[in-house]
Amino acid sequence: MGFIEWVYRAARKKEATIILAEADDPRVLEAAAKVERRKLAELILLGNPKKISAALKRKRIKLKARILDYDSCEHSDKLAKELVMLRRHRGMTLPMAKKALRTNTKYLAAMLVKHKIADGFIAGNLCPTSETIKPALQVIGTKKGFASSYFIMLYKKQPLLFADCAFNIAPSVEQLADIGVQSARNAKRFGIKPKVAFLSFSTHGSAAHERVDHVRKAAKLAKKHLPGVPVDGELQFDAAFVPHVAKIKAPTSPLKGKANVFIFPDLESGNIAYKIGEYMAGEEAIGPIIQGLKKPVNDLSRGCTVQDIVDVVAITATEVAR
């Protein structure tokens, strides 16, 4: 069984309800039809109901999904009052809450998830990552005060995890270690036996710099929280991924050049690397998948395809606690 089919089967078992928060997009409507056809999740589409219904009619797409905006949501007043309670310390008033929920579907999605009307939400096909993350952090919150992200990169149909490529710009030692720990645990959730490489421009002391020390300390800290999981760093990518290079550069590494979870030292390197992998090496990039939130929320690239949306819906469904 291929990785994507494994994800689809896992998603079906969850019977989750997932919100597509930016449904005023033809790609979303086509993806929704595929999700329903494959029974990956029940869907709620957020956007102008009249416009979305008209678009579905033009495309001859029939959906079972509910189509909502703030004004057509039966829970709208309750959600607005709750948002005031959540954000009162930041000066939120009831008129401000109603405006946020009416004009920003990501806030509406977050509130619907918080109130268990849905299990998770997806956005980002029409907005930058920050506009997906902000409502998720403010409304849903994190499990332990820190969230990060990873991409699933399908290399020759085999899944690799790249983290953090979309969220944390310059993680501290502790945050970088946490990214590694969370990513390894998520790899296990997908049936992957994690082998975690903390990446650098140095391999086992081949270069001396404070940034190298930063990565080395993070790897050491992550090891303490991942008993039985091979973890190493600092490593250059080739020493982490190519067995014959590992024999030369890192002969004592427990990874032996077979890492499948790659932790980048900062957002700049991670974001560049995943895009190179996707557009030059032809790897399929799924994500970014956000980890560390209390409920599943995931982001899409504005350049996403219909298939990207389908796959992220399925992954989001697998994250739902049942």
For the pair Y155 and F241, name the ring-plane relationship: parallel under 30°, tilted 30 to 60°, perpendicular over 60°.
-> perpendicular
Test of ring centre spacing under 6.0 Å for F262 and F162 | yes
Do [X] and [Y] come close enough that some side-chain heavy atom pair is under 4.5 Å?
X: I315; Y: Y8; value: no
X: F3; Y: Q158; value: no
X: T132; Y: F121; value: yes
X: V139; Y: L83; value: yes

Any donor-acceptor N/O pair, R12 side chain to A41 backbone, under 3.5 Å = no
Give a yes or no answer on whether the side chain of S206 reaches the backbone of S202 with a donor-acceptor pair at less than 3.5 Å.
-> no
By the rule that ILVMFWY residues connect when side-chain heavy atoms come within less than 4.5 angstrom, directly or transitively, which residues belong alongside I169?
-> L267
Just distance, no hydrogens or angles: give the donor-acceptor pairs under 3.5 Å from side chains in residues 211-219, sequence neighbours left out.
unit_1: R211; atom_1: NH2; unit_2: P265; atom_2: O; d: 3.4
unit_1: D213; atom_1: OD1; unit_2: R216; atom_2: NH1; d: 2.9
unit_1: H214; atom_1: NE2; unit_2: P171; atom_2: O; d: 2.9
unit_1: R216; atom_1: NE; unit_2: E234; atom_2: OE1; d: 3.1
unit_1: R216; atom_1: NH2; unit_2: E234; atom_2: OE1; d: 3.4
unit_1: R216; atom_1: NH2; unit_2: E234; atom_2: OE2; d: 3.4

Lys/Arg-Asp/Glu bridge criterion (N-O < 4.0 Å) met for K114, E82 | no
Salt bridge check: are E283 and K156 linked by an N-O gap of less than 4.0 Å?
-> no
